[in-house]
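In what follows, a structure is listed as structure tokens, so that the remarks can point back to it.
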Amino acid sequence: MEIIKGDFIIIGSGLAGLSLALKLKNLGEVIVLTKKRVFDNATSLAQGGIACVLEEDNHFDLHRRDTEIAGDGLCDPEIVDLVIKKGPERIKDLLEWGVNFDRDPENPKRFHLTLEGGHSRKRVLHVGDYTGRAIENALIQRAVESPTISLLENHLAFELILEKGCSSDTCRVAGVYVIDLIKSQIKLFLAPVVAICTGGAGKAYLYTSNPDTATGDGIALAYEAGCRIANMEFIQFHPTCLYHPKAKNFLISEALRGEGGVLLNAEGKPFMHKYDPVRLELAPRDIVTRAIDMELKQSGAECVYLDITSLPSDYVKRRFPHIYETCLKYGIDITSQPIPVVPAAHYLCGGILTNCWGQTDIPNLFAVGECACTGLHGANRLASNSLLEAVVFSHQAYLRIKEDLALYKEWSIRLPTLKEPIIMDIKEEKVFISHNWDIIRKIMWDLVGIVRTTKMLEFALKRISLIRREIEENWNSVYLDLDVMELKFLSLVAELIVKSALQRRESRGTHYLLDYPKKDYNYQRYTILQKNF
Ligand SMILES: Cc1cc2nc3c(=O)[nH]c(=O)nc-3n(C[C@H](O)[C@H](O)[C@H](O)COP(=O)(O)OP(=O)(O)OC[C@H]3O[C@@H](n4cnc5c(N)ncnc54)[C@H](O)[C@@H]3O)c2cc1C
């Protein structure tokens, strides 16, 4: 088996992974592993922008308050404070790396700021309506230019290697097993520091805005290594994904509602006043999502509509070029027709529990970005706070790694006897794999979705556990096949979501339990799951 050594292994090439790589590049050799092409990730799909208080009259305290209101009482106030106050410095990093945020046409010295749901001020920086792509492209270019960063595409991390004799108190990570999907080979990567930056898990649901890469791999790896996983029940559903038989996972950005878009039911009537008479279309996402879900259930309609035809056509084309072009491709001219939309799984507020340095329960294992649970989002993420979180926490992790690097390098980690994975050919079994993928995603959508009940969750857990047992009995080895490996991660992560949801007997933020419709004020900030060894 090929063994490759570096100073830092980063799993994932979205904003979290690449910004951490760019920070660490002067401290040693950085290896970035990514399971598809470098830009296949959620970061590249982000449209709206990145929230940040840049000007005095925009107030840190108001951004803090908006974040905490959206988080419905579960945000960690110290983390909220840290992220919001460090934001401006991290925006400077992005500017230095070459991200050209849009300027205000009337005052080009200032950035053009936009408003999104749950924000009391315009504070979202953006690049047209393709902010994520602009950020990702700038960071890729910087990473490719750096002689100390190796970007390895089609490399799937599938197991963390822990120190021999690891116990939950003294565990350290030594590296990671990887499948090179092009060469069909297993490789072993070793380094004093490993960072998981693998993004979210939206693919656990039938309808999602997420890219195909969002199968929760890093969360599964960390769970199997004994780390605590927190708040997995808090899945944010985006209220507005394009509803069209040929459109796969296309998001209609929150910014359209920020600019005056109105939601209409199947009869063409506005309805948000019934659910949030003050904030209307700009209520936090969980409220808008449940309102749409209720309208759909009551009317039996397949979608609702988002109408921005009241805005000048030229402005819409200039402000939302990507959404305009994409909808037009599907025969919808958004300047003259309302857009058919439905909710879809969008963002995972929970994940691998980390401290304010992005450190997991294993001191030389870090987790940054959507795969982590830092305490920022609480029960529901405020729009455009996730790119901010990723870039702030990659800097926090960098500071801790820089401080402790000598120590990590001193540890002479005893490697376990390395196992040569068994590789099996599964061509004729492919149908079982795709079948299980489909069943899990449907169970999650139908039973662990926008509105839940304990009975639905218990039923879902039984069915998912059965599928997990079947996977363990039949596909327990390592396969040189992305679908099989992702199914293993996805099924575990689906189980963690259901188990967390069953732990939280209250309705809060994105977790809405019909049989416990109220908040429990003796709340716990985190629901925790940890593997017993
Ligand atoms: C459509 C859409 C629009 C959004 N809009 C906004 C917005 O406007 N503002 C905002 O703040 N947030 C937005 N978000 C959320 C935000 O984009 C994500 O939370 C953020 O980009 C996550 O960054 P990340 O680096 O953690 O993960 P990602 O960008 O998803 O990167 C994860 C990387 O890990 C890799 N990976 C995963 N598993 C493995 C493995 N086993 N081995 C190797 N590599 C692996 C993937 O291939 C990928 O490269 C949006 C999300 C979506 C889906």
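Start at 1 and go down the list; that is how both ligands and their atoms are numbered. No hydrogens, no waters, no symmetry mates; every other heavy atom, side chains included, goes into these values.
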Parallel, tilted or perpendicular: ring planes of Phe111 versus Phe101, cut at 30 and 60 degrees: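 Taking Phe101 first and then Phe111, their aromatic rings stand perpendicular (interplane angle over 60°).
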
Which of parallel (below 30°), tilted (30 to 60°) and perpendicular (above 60°) describes Tyr177 and Phe158?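 Rings of Tyr177 and Phe158: parallel, under 30°.
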
Nearest candidate to [atom], where distance is taken over non-hydrogen atoms, out of [options]:
| atom | options | answer |
| --- | --- | --- |
| atom 46 (C) of ligand 1 | Leu18, Val178, Thr213 | Thr213 |
| atom 43 (C) of ligand 1 | His126, His155, Glu486 | His155 |
| atom 49 (O) of ligand 1 | Thr43, Thr34, Ile252, Leu45 | Thr34 |

Is Ala42 close to ligand 1, meaning an N/O of one under 3.5 Å from an N/O of the other?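 The answer is yes, given that Ala42 and ligand 1 share an N or O pair closer than 3.5 Å.
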
I'd like to know if [X] and [Y] make a salt bridge, using a cut-off of under 4.0 Å between side-chain N and carboxylate O.
| X | Y | answer |
| --- | --- | --- |
| Asp93 | Arg90 | yes |
| Arg110 | Asp104 | no |
| Asp66 | Arg121 | no |

Specify the protein heavy atom at minimum distance from [atom]: its residue, its atom name, and the distance to 0.1 Å.
| atom | result |
| --- | --- |
| atom 25 (O) of ligand 1 | Ala16 N, 3.0 Å |
| atom 6 (C) of ligand 1 | Ala46 CB, 3.5 Å |
| atom 41 (N) of ligand 1 | Asp217 OD2, 2.8 Å |

In this structure, does ligand 1 have an atom that sits under 4.0 Å from one of the heavy atoms of His346?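 Contact check His346 vs ligand 1: positive.
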
Quick one: does Ser384 get within less than 4.0 Å of ligand 1, heavy atoms only?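 The answer is yes: ligand 1 sits under 4.0 Å from a heavy atom of Ser384.
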
May I ask you to check whether Glu116 and Ser384 show a side-chain donor-acceptor distance below 3.5 Å?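 Judged by distance alone, the side chains do pair up.
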
